[in-house]
Amino acid sequence: MAVHRVVPNIQSESAQESREFYGLLGFEEVMNHGWIMTLASPSSPAAQISVMTSDRTAPVNPDMSIEVDDVDAAYAVMRESGAEIVHPLQDEEWGVRRFFVRDPGGRVVNVLGHR
């Protein structure tokens, strides 16, 4: 299994202000679904930050997202390890397949793959 990118998810009700703030560091908006916005560096597109109000289809907001090449394999590994699955594996209407798992420190990790 290969990791493609890791993105911190910042919970905030101040999306516009966050866009402007991180824009000062060179980030540009690359995705905006209304409830989550992703900013990326034009010179290094895998360097990203997401700002979200609340997750649209999950019971909690994830602290970070990890994109992998095989989300089904990642799900199987996490289940077999006994890790706490916070949100089950499912396909989302915006083109990702994902699940949430809790890390040993209590953080919620959104593990996803693009379809």
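- H87 and F100 have tilted rings, their planes meeting at an angle from 30° to 60° on a 0 to 90° scale.
- Rounding to the nearest 0.5 Å places CZ of R98 at 4.0 Å from CD of E92.
- Rounding to the nearest 0.5 angstrom, the gap separating the OG atom in S18 from the CD atom in E13 is 10.0 Å.
- Minimum heavy-atom separation, A83 to V101: CB-CG2, 3.6 Å.
- To the nearest 0.5 Å, atom OH of residue Y22 and atom CD1 of residue I49 are 5.0 Å apart.
- In the hydrophobic cluster analysis, where Ile, Leu, Val, Met, Phe, Trp and Tyr join through side-chain heavy atoms closer than 4.5 angstrom, M1 is grouped together with F99.
- Side chains of N61 and V108 form no contact here, defined as non-hydrogen atoms less than 4.5 Å apart.
- No single ILVMFWY cluster, assembled from side-chain heavy atoms under 4.5 Å apart, contains both L89 and L112.
- Under the 30°/60° scheme for interplanar angles, the aromatic rings of W94 and H33 are found to be tilted.
- The cluster map of Ile, Leu, Val, Met, Phe, Trp and Tyr, joined by side-chain heavy atoms under 4.5 Å apart, puts I66 and I85 in the same cluster.
- Looking at heavy atoms from C-beta onward, H114 lies in side-chain contact with E67 at the 4.5 angstrom threshold.
- Residue V71 is grouped with residue M64 when hydrophobic side chains (ILVMFWY) are merged at heavy-atom distances under 4.5 angstrom, including chains of intermediate members.
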Check against side chain to side chain contact (heavy atoms under 4.5 Å, CB included), E93 and T57 | CA-CA 10 Å; E93 65 184 35; T57 63; over 6 Å; no
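- One hydrophobic cluster, built from ILVMFWY side chains closer than 4.5 Å, holds both V109 and V3.
- Contacts classified as salt bridge (charged side-chain N to carboxylate O under 4.0 Å, His left out) and involving residues 17-33 (residues at least two apart or in different chains) are given here: R19-E29.
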Stepwise side chain to side chain contact (heavy atoms under 4.5 Å, CB included) check, Y75 with V111 | CA-CA 8 Å; Y75 186 70; V111 182; over 6 Å; no
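- A40 approaches Q48 most closely through the heavy-atom pair CB-CG, 3.8 Å.
- Separating the CE atom in M31 from the CG atom in L39 is a distance of 9.5 Å, to the nearest 0.5 Å.
- Between the D55 side chain and the V60 main chain, no donor and acceptor come within less than 3.5 Å of each other.
- Crowding of R5 atom CZ: a count of heavy atoms from other residues, nucleotides or ligands under 6.0 Å exceeding 12.
- Distance check, rounded to the nearest 0.5 Å: CE of M52 to CG of N9 gives 5.0 Å.
- For the atom pair CD1 (I10) and CD1 (I36), the distance works out to 10.5 Å, reported to the nearest 0.5 Å.
- Smallest separation of non-hydrogen atoms from V86 and P59: O-CG, 4.0 Å.
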